[in-house]
Participant: 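If you scroll down you'll find the structure; I have some questions about it.
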Amino acid sequence: MILVVAYDEDHALGVIRRLEAAGREVVRIDLADFPARGAITIDYAAGGEPAHLLTPPTGHVRLDRCRVAWWRRVRPFTVDRAVGAPRDQLFAAGETGQALHGLLHSLDCTWVNPPALDSMAHHKPYQWAVARRVGLTLPRTLVTNEPERARRFIGEVGVGRTVFKAFVAATEDAWRETRLVKAEYLDRLDAVRLAPVIFQEFVPGADLRVTVVGDRVFAAEIDASATSYPVDMRMVVGEATVKPVALPASVTRALLRLMRALGLVYGAVDLRRRPDGQYVFFEVNPAGQWLFVEERTGLPITAEVASLLSRLDDRGEPAEAARPAAGRAA
């Protein structure tokens, strides 16, 4: 059985359709159904194996036969409205997390990606440290909530040559694009003290979205340099030129080393190729989107994700990226 932990978003549903068409048993759960709309049971009967049972709105799910689980995209728990006080809501959500995450971690299955390692890998400073160790090039970067440090950095790199961005660019209710620092923003830098901000040297060139699925690497060039917003290709994908490309072997090897060091089986990597041919690493998103690339290039990423989950369901191969890092984390 293949467990998919995701809400009903296009990427998960597309992979599930492929798996079910191939005759695979697939169960999807949405963490937002718990505890308000779903039940959690872990029954340690005397002398027997524990029974792991979830009851989302779609019906009972026995997880004992789960051989592979895909940690795709999750939402926060939903607490019943009968729990009125904020303190009690936090308690109920915390208890749900202890039970449900403990249940999922206890499953004897292969994870794509292991949830704990997935969570760690979402932290950009950690990614950057690992990326440097495996030989990837990073742009000049400053993270700070000290306005004077931000001013010095911008003064050294240059107004119009420095970008600023959020750690979490997209949430359910907000989108925060990467922006160039303009002269009129300098008077607002005191607001940096309210929360850390990422400042980076602006890197000219073509973006690359590199989707890594196990040991398969799918690279697409997204050239937004002639669009209305070349600073952040995510804002102008429809205007950009998108095509499949081959990465230099050295870059591919470094990205695979990065994935294994982070313990990730799946990840969507953002690079930029400078005009001089140098590749610069920005980040890897352990739950990154790929359909916008697949639809423009024909790269068979959905099919490869489904194929990887099927192979793991057959126990035909280990998830090589996850195993050594999972051992270190333990």
Side-chain angles (χ1 to χ4, degrees), residues 1-33 54 56-75 104 107-115 117-118 121 170 208-220 222 237 242-246 252 255-256 259 263-270 284-323:
M1 185 186 84
I2 300 172
L3 173 66
V4 177
V5 185
Y7 54 88
D8 57 349
E9 52 99 30
D10 291 345
H11 294 69
L13 297 181
V15 171
I16 290 170
R17 282 193 292 269
R18 282 183 173 269
L19 291 170
E20 291 179 337
R24 298 284 171 173
E25 180 185 3
V26 183
V27 171
R28 180 178 66 84
I29 62 170
D30 180 354
L31 297 192
D33 286 331
L54 294 179
T58 51
H60 296 299
V61 178
R62 287 290 298 266
L63 299 180
D64 309 73
R65 292 178 295 106
C66 176
R67 289 190 294 265
V68 58
W70 181 26
W71 185 261
R72 169 57 195 159
R73 284 199 165 189
V74 300
R75 299 188 292 184
L104 295 175
L107 296 179
D108 183 20
C109 68
T110 300
W111 282 94
V112 180
N113 293 309
L117 299 177
D118 186 284
L208 293 105
R209 170 55 70 99
V210 183
T211 309
V212 183
V213 186
D215 60 358
R216 295 286 307 279
V217 176
F218 301 90
I222 306 170
V237 169
V242 184
K243 62 182 181 181
V245 294
T252 298
L255 292 180
L256 291 175
M259 295 289 287
L264 299 179
V265 185
Y266 170 86
V269 180
D270 288 325
V284 54
N285 187 336
Q289 309 280 46
W290 72 79
L291 284 179
F292 75 98
V293 165
E294 183 170 276
E295 290 164 356
R296 298 284 296 274
T297 64
L299 290 169
I301 303 171
T302 300
E304 184 58 31
V305 173
S307 177
L308 173 65
L309 294 172
S310 295
R311 294 194 302 269
L312 295 174
D313 188 37
D314 291 334
R315 298 280 182 144
E317 60 179 54
E320 292 294 343
R323 292 198 305 165

Participant: With sequence neighbours excluded, tell me which residues meet salt bridge (Lys or Arg N to Asp or Glu O under 4.0 Å) with Arg62.
Facilitator: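 Checked Arg62 against salt bridge (Lys or Arg N to Asp or Glu O under 4.0 Å); matches are Asp64.
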Participant: Name all residues meeting the salt bridge (Lys or Arg N to Asp or Glu O under 4.0 Å) criterion together with Glu20; count only those two or more places apart in sequence or in a different chain, and write none if there are none.
Facilitator: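 Checked Glu20 against salt bridge (Lys or Arg N to Asp or Glu O under 4.0 Å); zero matches.
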Participant: When rounded to the nearest 0.5 angstrom, what is the spacing between CG in Leu104 and CG in Leu63?
Facilitator: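 If I round to the nearest 0.5 Å, the distance is 7.0 Å.
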Participant: How close do Arg72 and Ala12 get, counting heavy atoms only, and between which atoms?
Facilitator: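 That closest heavy-atom pairing would be CG-CB, 4.1 Å.
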Participant: If you take all heavy atoms of Val112 and Trp70, which pair is closest and at what distance?
Facilitator: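 Distance-wise, the nearest heavy atoms are O-CD1, 2.9 Å.
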Participant: Check whether any side-chain heavy atom of Phe218 lies under 4.5 Å from a side-chain heavy atom of Thr297, and answer yes or no.
Facilitator: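 No, their side chains stay 4.5 Å or more apart.
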Participant: List the atom of Val284, the atom of Gly267, and the distance in Å for their closest heavy-atom pair.
Facilitator: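 Nearest heavy atoms, Val284 then Gly267: CG2-CA, 4.0 Å.
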Participant: I need the Thr211 OG1 to Asn285 CG distance, nearest 0.5 Å.
Facilitator: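 Reported to 0.5 Å precision, the distance equals 10.0 Å.
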Participant: If you measure from SG on Cys109 to CZ on Arg65, what distance do you get to the nearest 0.5 Å?
Facilitator: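 Cys109 SG to Arg65 CZ: 13.0 Å, rounded to 0.5 Å.
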Participant: If every non-hydrogen atom of Asp33 is compared with every non-hydrogen atom of Pro56, which pair is closest and at what distance?
Facilitator: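 What the structure gives for the nearest pair is OD2-CB, 4.4 Å.
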Participant: Mind checking side chain to side chain donor-acceptor pair (under 3.5 Å) for Arg28 and listing every partner two or more places apart, or none if nothing turns up?
Facilitator: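 Scan of Arg28 (side chain to side chain donor-acceptor pair (under 3.5 Å), adjacent residues dropped) gives none.
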Participant: Does any N or O in the side chain of Asn113 come within less than 3.5 Å of the main-chain N or O of Pro286, such that one atom is a donor and the other an acceptor?
Facilitator: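 Checking the backbone N and O of Pro286 against the side chain of Asn113, a donor-acceptor pair under 3.5 Å is found.
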Participant: Using every non-hydrogen atom in the two residues, find where Ala268 and Arg209 come nearest and quote the distance to one decimal.
Facilitator: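 Heavy atoms only, the tightest pair is CB-NH1, 3.4 Å.
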Participant: At what distance, to the nearest 0.5 angstrom, does CG of Asp270 lie from CG of Leu208?
Facilitator: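 The CG atom of Asp270 sits 9.5 Å away from the CG atom of Leu208.
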Participant: Who are the side chain to side chain donor-acceptor pair (under 3.5 Å) partners of Arg216, not counting sequence neighbours?
Facilitator: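 Counting only residues at least two positions away or on another chain, Arg216 forms a side chain to side chain donor-acceptor pair (under 3.5 Å) with Glu304.
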Participant: What distance do Leu291 atom CG and Thr302 atom OG1 have between them, rounded to the nearest 0.5 Å?
Facilitator: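 OG1 of Thr302 is found 5.0 Å from CG of Leu291.
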Participant: Donor-acceptor pair, Arg18 side chain versus Val305 backbone, under 3.5 Å?
Facilitator: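 Checking the backbone N and O of Val305 against the side chain of Arg18, no donor-acceptor pair under 3.5 Å is found.
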Participant: Checking Arg67 now: which residues fulfil salt bridge (Lys or Arg N to Asp or Glu O under 4.0 Å) with it, not counting sequence neighbours?
Facilitator: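 Scan of Arg67 (salt bridge (Lys or Arg N to Asp or Glu O under 4.0 Å), adjacent residues dropped) gives Asp313.
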Participant: Hey, what do you get for CG (Leu3) to CG (Leu309), rounding to the nearest 0.5 Å?
Facilitator: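 Rounded to the nearest 0.5 Å, the CG-CG separation comes out at 10.5 Å.
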Participant: Contact between Phe292 and Val242 at the side-chain level, heavy atoms closer than 4.5 Å - yes or no?
Facilitator: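 No, every pair of side-chain atoms sits at 4.5 Å or beyond.
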Participant: Looking only at atom types and distance, does a side-chain atom of Ser307 sit under 3.5 Å from a main-chain N or O of Ala303, one as donor and one as acceptor?
Facilitator: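 Side chain of Ser307 to backbone of Ala303, a donor-acceptor pair under 3.5 Å: no, none is there.
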Participant: I'd like to know if the side chain of Tyr266 and the backbone of Trp71 have a donor-acceptor N/O pair within less than 3.5 Å.
Facilitator: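 Pair absent, no side-chain N/O of Tyr266 close to backbone of Trp71.
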Participant: For Asp30, check side chain to side chain donor-acceptor pair (under 3.5 Å) against everything at least two apart and list the hits.
Facilitator: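 So Asp30 forms a side chain to side chain donor-acceptor pair (under 3.5 Å) with Arg75.
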Participant: Backbone N or O of Gln289 within a donor-acceptor pair of the His11 side chain at under 3.5 Å?
Facilitator: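 Not at all, since once roles are kept as given, no pair shorter than 3.5 Å links the two residues.
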Participant: Could you tell me whether Asp118 and Arg73 have a side-chain N and a carboxylate O separated by less than 4.0 Å?
Facilitator: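 No, this pair does not count.
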Participant: On a heavy-atom basis, which atom in Leu299 and which in Ala219 lie closest, and how many Å separate them?
Facilitator: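 The answer is CD1-O, 3.7 Å.
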